[in-house]
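One structure is given below, encoded as structure tokens.
Scope of the values below: all heavy atoms of this structure, side chains included, with no hydrogens, waters or symmetry mates.
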Amino acid sequence: MADNRSVAVWLQRLMGLLALAGVLTLSACGGGSGSPSTVLNPTPPAPPAALSVLPAVTTIFTGVPSVLTISGGVPPYLAFSSNGTVLPVSQT
């Protein structure tokens, strides 16, 4: 028959080893806080740059190609004309 005292000492040492392994495991992953701070406090996106159209003032004549440069804002951009037969607009 096994000595109860030797079994108790063996179980005590085993539990101590498991506790030490648990502490080392938690310290290796950052202390067991549950989640990284980047998930709880995400960095907000940067605001888009102001929309600008160059040239700011232009006169467009029928049959004469004109180019307006759009920058800033949030692409994709849409261009339109109130009368597509007089002033056709390409989306490039």
message = For Thr58, give me all partners under side chain to side chain contact (heavy atoms under 4.5 Å, CB included), at least two apart in sequence or on another chain.
response = Pro55, Ile60, Leu68

Taking every non-hydrogen atom, the tightest pair across Pro48 and Gly73 = CB-O, 3.7 Å

inquiry  = Let me check something: do Val7 and Leu14 share a hydrophobic cluster, defined by ILVMFWY side-chain heavy atoms less than 4.5 Å apart, either directly or through other members?
reply    = yes

ask   = Applying side-chain hydrogen bond (donor to acceptor under 3.5 Å, both in side chains), which residue pairs with at least one partner in residues 9-23 are found, sequence neighbours left out?
value = none

key: Side-chain heavy-atom pair Ile70, Leu51 within 4.5 angstrom cut-off   = yes

